[in-house]
Amino acid sequence: MRTPRRGRLLVCFTAAAATTTVLALTVASEAAAGPAHNGSKTSSSNDGSTSNSAKSSKQDVLGYLNSLKGSYIVSGQHNKEPANQPSQYTQQVKDITGQYPGLWGGDLMFRAEDVANRQRVVDQAKTEWANGSLVALTWHVCTPTGGSTCEFDGGVKTQISDQQFQQIVTDGTALNSDWKRRLDEAVPYLQQLKNAGVPVLFRPLHEMNETWNWWGHRPGSEGGAKLYRMTHDYLAGKGLDNLIWVWNVQDNPEGGWSRYYPGDSYVDIVSLDAWYKNYPSQSDYQQLKGIAKSKPIALAEMGKVPDNTLLTGQPDWTYFMMWSEQLRGNNTNAEIQNTYFHPRVLNQGEVKVPGAKAASADR
């Protein structure tokens, strides 16, 4: 039963004037109370273990997401750089709707100042899980042909030669070793989340059917799919069984997305980024479902919040994640509110993963 939350909040947003008043009062009261959404009463040791948060396995999360098909979808919000503000866009959702998203998204980052603050991102992930949200991590990773940190242009958004790519995916080469060292840099942070009992929706090498990134637009079993398989096996070999492997393509009208698929044993969730158009077409939806078969499907990046037509016409999406600045830059407050108050949408406090027990947290 979802009536109590709807009834309480819909009163706040029945008219534009009422919306303005409620949001002003909310911001004022939160400002008086101090910074929002930054801390938690959950106690953590130095290794990242959490005393008040029950542990759930990746299978618990996958089973939960599968149970949503056809009925519900989890709301989500990405938080891009800077890493020292790992909840800035999630807080904007709260300011607009009075709700926190059911999924928090972060990034392992690429610039030197953000890589130096990865711990802030990991700490926020622990807090979000303790507060009842799913946790998703993307990684805009620098090419192994360069250094561990980089600028987006020329480091993430860049091209490498086919020969360099083949060296990366070939054991024993210098670039293969460089790639594994790059992965090693993320392992301690992912290990902290495992120790804390946090399953992570991990989306590496995203949009691999696109040309903007160094790993992209290499179809076939020896292309991006091979790099994904190698990355999966390497991190699994580190014991990171809390990672839920999210494979991802963009809604490129070129199609043929299955040419990039690494195989069922390497993928837990099949996801799509909607950028060529506001919402996936029915053809996009069916193409992705055909790849996923029985696996959950998700909208891993969006610029427009889902509307009623999408939510009711494509009911098997299990979560959506709005992209950072696009939340306010590409949507009105009314559109965001309509999505978060939609009867199919699950926000923080409504996401019920078996085995997880949300700890109380200071906001």
Side-chain angles (χ1 to χ4, degrees), residues 1-6 53-78 93 99-105 125 128-137 193-194 197-203 241-248 261 264-272 274 279-280 282 284-302 305-322 339-359:
M1 174 64 69
R2 291 154 58 73
T3 304
R5 194 258 291 184
R6 302 289 172 210
S53 181
K55 293 187 176 182
S56 295
S57 71
K58 64 181 286 182
Q59 294 306 323
D60 290 327
V61 174
L62 287 170
Y64 173 73
L65 290 175
N66 263 318
S67 76
L68 301 182
K69 289 180 182 177
S71 300
Y72 297 108
I73 183 170
V74 176
S75 61
Q77 179 61 48
H78 185 67
V93 173
Q99 299 288 301
Y100 285 110
L103 177 148
W104 170 89
E128 297 291 343
W129 176 255
N131 286 335
S133 289
L134 301 178
V135 167
L137 282 178
L193 294 172
K194 176 183 176 177
V198 181
V200 178
L201 296 158
F202 185 54
R203 189 174 64 114
D241 55 6
N242 61 319
L243 299 184
I244 300 168
W245 288 82
V246 181
W247 175 77
N248 179 255
Y261 189 62
D264 288 345
S265 61
Y266 293 90
V267 175
D268 297 310
I269 295 174
V270 174
S271 71
L272 182 69
Y279 303 121
Q282 283 299 123
D284 293 340
Y285 179 60
Q286 293 300 331
Q287 184 177 179
L288 211 71
K289 286 182 66 174
I291 297 170
K293 306 181 188 71
S294 62
K295 298 179 187 294
I297 60 172
L299 289 163
E301 290 184 23
M302 302 186 76
V305 289
D307 62 6
N308 181 66
T309 299
L310 177 69
L311 293 172
T312 57
Q314 298 179 9
D316 284 352
W317 299 114
T318 58
Y319 66 83
F320 70 85
M321 187 175 76
M322 283 298 303
T339 297
Y340 271 78
F341 301 150
H342 194 283
R344 284 183 176 269
V345 174
L346 300 174
N347 305 322
Q348 189 181 93
E350 298 175 320
V351 175
K352 306 296 183 183
V353 177
K357 181 179 179 182

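Just so it is clear, the structure is predicted and the values come from calculations on it, not from any experiment. Counting begins at 1 with the first residue of the sequence.
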Sorted by chain and number, sequence neighbours left out, salt bridge (Lys or Arg N to Asp or Glu O under 4.0 Å) with D307 holds for none
Query raised in the report: Does a salt bridge link K194 with D241, judged by any charged N lying under 4.0 Å from a carboxylate O?
Result: yes
When every non-hydrogen atom of H78 is compared with those of M321, the smallest separation belongs to N-CG, 3.5 Å
In V267, V200, L201, the residue satisfying side-chain contact (heavy atoms from CB on, under 4.5 Å) with I244 is L201
Of all heavy-atom pairs linking M302 and L310, the shortest is CE-CD2, 4.0 Å
When rounded to the nearest 0.5 Å, the distance separating CD1 of I73 from CH2 of W317 is 8.5 Å
**Asked** Just by modelled atom types, is the P101 backbone N or O under 3.5 Å from a matching donor or acceptor in the S133 side chain?
**Response** yes
- Min side-chain heavy-atom separation S265-W245 under 4.5 Å: no
Practice item. Without swapping roles, check the side chain of R344 against the backbone of G70 for a donor-acceptor pair under 3.5 Å. Key: yes
Between the CH2 atom in W104 and the CH2 atom in W129, the distance rounded to the nearest 0.5 Å is 13.5 Å
Could you check whether any side-chain N or O of Y261 sits under 3.5 Å from a backbone N or O of W247, counting only pairs where one atom can act as donor and the other as acceptor?
no
Value for CG (L137) from CG (L243), rounded to nearest 0.5 Å, stands at 9.0 Å
Q | N347 side chain to Y340 backbone, donor-acceptor under 3.5 Å | A | yes
Practice problem: Before giving the answer on side-chain contact (heavy atoms from CB on, under 4.5 Å), spell out for Y319 and L68 the whole-Å C-alpha distance, their side-chain angles and the decisive distance to 0.1 Å. | Solution: CA-CA 9 Å; Y319 66 83; L68 301 182; over 6 Å; no
Across all chains, not counting sequence neighbours, the salt bridge (Lys or Arg N to Asp or Glu O under 4.0 Å) partners of K69 are none
In this structure, CG of D284 is separated from OH of Y279 (nearest 0.5 Å) by 14.0 Å
Sorted by chain and residue number, the salt bridge (Lys or Arg N to Asp or Glu O under 4.0 Å) partners of K295 (sequence neighbours excluded) come out as none
Heavy-atom nearest pair, E350 first then Y64, reads O-OH, 3.8 Å
task = Mark yes or no for whether S75, through its side chain, and G102, through its backbone, hold a donor-acceptor pair below 3.5 Å.
result = yes
Heavy-atom nearest pair, P280 first then L299, reads CG-CD2, 3.5 Å
Here the gap from Q314 atom CD to K289 atom NZ, rounded to the nearest 0.5 Å, amounts to 9.0 Å
Note: N248 and A300 closest approach over all heavy atoms is ND2-CB, 3.6 Å
Value for CD1 (I297) from CD1 (I291), rounded to nearest 0.5 Å, stands at 10.5 Å
Minimal heavy-atom distance between K58 and D268, with the atoms involved, is NZ-OD2, 2.9 Å
